[in-house]
Asks: 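This is the structure I have questions about; it appears just below.
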Amino acid sequence: MDTAEILKKVRQIEIQTNKLVSETFAGEYLSAFKGQGIEFAEVREYTPGDDIRSIDWNVTARTGIPYIKKYNEERELTLMIACDVSASQRFGSADKLKQELAAELSALFAFSAIKNSDKVGLMLFSNQIELFVPPKKGKKHVLRLIRELVAFEPAGRGTDIGLCLETLSKVIKRQGILILISDFLAPVASFSKPFKLAAKKFDLIPVVIQDKLEKFIPPVSACIDVTDPETGEEDFLCLSSGELDVALAEHAEHQNINLRALFNPYKIEPIYVRTDQAPADPVIAFFKQRAKKIRK
């Protein structure tokens, strides 16, 4: 894309995302992600109904009047978005490519974060670290992140989720939220160890981008040449036999089982988003479900 097209695309994402964030996402985000602790605010006189565990006994003893301590939540968080920009992200059989969906999802999270005065950072990765933008606040910063997501041309073609997670665990010192956006088509064993370490350090949320043709291809009487976008490996496939459908379904189920085995020990709830689906719907459902668990 040339500069005009990039700016137009960034503007479209900004308008769409800002509307969603203003109407829905900012509040859902606030409910779903709590601060890292509390800080002392003030003391005030006790009133009936206050929690007696909050009584400040020192002040109460000096004044002879019951006083309680008030605390404010330390709200500011750091949100890191790690986005897969490998060659498989340039695929999409519906309205948009995976990489376009990833950009829209990243914008939803980023604008929700800055609406709540949180910092946002970005890492783009393929089989190497392509770009790292340290966490900052502000709309101008988020627009820069979206521009990178829309226009960045990666040098690598493969996928190394483990390298991404290892690098983030080293460079991000504070605990925070890590949104990991990928199609997760890499073998789970290749990134399971760094994933487990990252899950202990961060509030880790995998966002799994999928396309319906990765699980099912409608039967057609045709044979086609196909090329793996990441490895360049070529093959010749006949679609009429139905064997490819069986193989795709088995591979998808095997990958889902391995991912669940990776996520479940850490009670990690992934977000699944398809290229033929509005990105907001599954994210809102995730926020609502997470907020319910926090309130329990």
Asks: Distance from Ile209 atom CD1 to Leu101 atom CG, nearest 0.5 Å?
Replies: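 Those atoms lie 4.5 Å apart.
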Asks: What residues form a side chain to side chain donor-acceptor pair (under 3.5 Å) with Asp95, not counting sequence neighbours?
Replies: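 None.
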Asks: Which heavy-atom pair separates Cys164 from Leu180 by the least distance, and what is that distance?
Replies: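 Distance-wise, the nearest heavy atoms are SG-CD1, 4.4 Å.
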Asks: Compare every heavy atom of Lys96 with every heavy atom of Thr275, then report the nearest pair and how far apart it is.
Replies: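 The answer is CB-O, 3.6 Å.
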Asks: Within the structure provided, determine whether Tyr266 and Leu204 are in side-chain contact (heavy-atom separation under 4.5 Å).
Replies: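 Heavy-atom side-chain distance check fails, nothing below 4.5 Å.
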Asks: With ILVMFWY side chains joined below 4.5 Å, transitively, what does Leu185's cluster contain besides itself?
Replies: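 Result for Leu185 is none, singleton.
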Asks: Could you tell me the separation between the CD atom of Gln99 and the CG atom of Leu124, rounded to the nearest 0.5 Å?
Replies: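 It is 11.0 Å, given to the nearest 0.5 Å.
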Asks: For Asp118 and Leu77, which heavy atoms make the closest approach, and how far apart are they?
Replies: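 Answer, listing the atom of Asp118 first, then Leu77: OD1-N, 2.9 Å.
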Asks: Verify ring-ring contact (aromatic ring centres under 6.0 Å, His included) between Phe195 and Phe263, making sure each step is shown before the conclusion.
Replies: CA-CA 9 Å; Phe195 185 95; Phe263 300 157; 5.5 Å; yes
Asks: Mind listing the closest non-hydrogen atom pair of Thr227 and Gly232 along with its distance?
Replies: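 Looking at all heavy atoms of both residues, the shortest contact is CG2-O, 3.7 Å.
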Asks: In chain order, what residues pass the ring pair (Phe, Tyr, Trp, His ring centres under 6.0 Å) check against Phe125, with sequence neighbours excluded?
Replies: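 Counting only residues at least two positions away or on another chain, Phe125 forms no ring pair (Phe, Tyr, Trp, His ring centres under 6.0 Å).
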Asks: What residues form a side chain to side chain donor-acceptor pair (under 3.5 Å) with Ser93, not counting sequence neighbours?
Replies: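 Expected list: Asp211.
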Asks: So does Glu253 pair up with Lys215, basic N to acidic O under 4.0 Å?
Replies: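 No, no charged N to carboxylate O under 4.0 Å.
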Asks: Please check: side-chain N/O of Thr60 versus main-chain N/O of Tyr67, any donor-acceptor pairing under 3.5 Å?
Replies: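 At least one qualifying donor-acceptor pair exists.
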Asks: Quick one: ring pair (Phe, Tyr, Trp, His ring centres under 6.0 Å) partners of Phe132, sequence neighbours excluded?
Replies: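 By the ring pair (Phe, Tyr, Trp, His ring centres under 6.0 Å) rule, Phe132 matches no residue at all.
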Asks: Side chain of Asp281, backbone of Gln277: donor and acceptor closer than 3.5 Å?
Replies: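 Checking the backbone N and O of Gln277 against the side chain of Asp281, no donor-acceptor pair under 3.5 Å is found.
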Asks: For Arg11, which residues count as a side-chain contact (heavy atoms from CB on, under 4.5 Å) partner, sequence neighbours excluded?
Replies: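 Counting only residues at least two positions away or on another chain, Arg11 forms a side-chain contact (heavy atoms from CB on, under 4.5 Å) with Glu14, Ile15.
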Asks: Compare all side-chain heavy atoms of Met123 with those of Pro134 and state whether any distance is below 4.5 angstrom.
Replies: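 Side chain of Met123 against side chain of Pro134, heavy atoms only: no contact under 4.5 Å found.
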Asks: If you group Ile, Leu, Val, Met, Phe, Trp and Tyr whenever their side-chain heavy atoms sit less than 4.5 Å apart, what else falls in with Ile55?
Replies: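 Members other than Ile55 - counting any ILVMFWY side chain reachable under 4.5 Å - are Tyr46, Ile52, Trp57, Ile68.
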Asks: Among residues two or more places apart or on two chains, list those pairs meeting salt bridge (charged side-chain N to carboxylate O under 4.0 Å, His left out) that have a residue in residues 194-209.
Replies: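 Sorted result for residues 194-209: Asp203-Arg290.
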Asks: Who are the side chain to side chain donor-acceptor pair (under 3.5 Å) partners of Arg44, not counting sequence neighbours?
Replies: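 Here the qualifying residues are Asp50.
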Asks: Is there a donor-acceptor pair under 3.5 Å between the side chain of Gln210 and the backbone N or O of Tyr272?
Replies: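 Judged by distance alone, no pair lies under 3.5 Å.
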Asks: Kindly state each residue pair satisfying salt bridge (charged side-chain N to carboxylate O under 4.0 Å, His left out) with at least one member in residues 261-279, sequence neighbours excluded.
Replies: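 Non-adjacent pairs meeting salt bridge (charged side-chain N to carboxylate O under 4.0 Å, His left out): Glu269-Lys293, Arg274-Asp276.
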Asks: What side-chain hydrogen bond (donor to acceptor under 3.5 Å, both in side chains) pairs are there with at least one residue in residues 152-169, not counting sequence neighbours?
Replies: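 Those involving residues 152-169 are Ser86-Thr159, Thr159-Glu230.
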Asks: Restricting to non-hydrogen atoms, name the atom on Ala82 and the atom on Leu178 that form the minimum distance, rounded to 0.1 Å.
Replies: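 Nearest heavy atoms, Ala82 then Leu178: CB-CD1, 4.0 Å.
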Asks: So Leu79 and Ile179, do their side chains get closer than 4.5 Å, heavy atoms only?
Replies: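 In contact.
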Asks: Linking directly or through intermediates, with side-chain heavy atoms under 4.5 Å: list the remaining ILVMFWY members grouped with Leu197, chain and number order.
Replies: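 None; Leu197 is a cluster of one.
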Asks: How far apart are the closest heavy atoms of Ser117 and Lys137, and which atoms are they?
Replies: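 Of all heavy-atom pairs spanning Ser117 and Lys137, the closest is O-CE, 3.1 Å.
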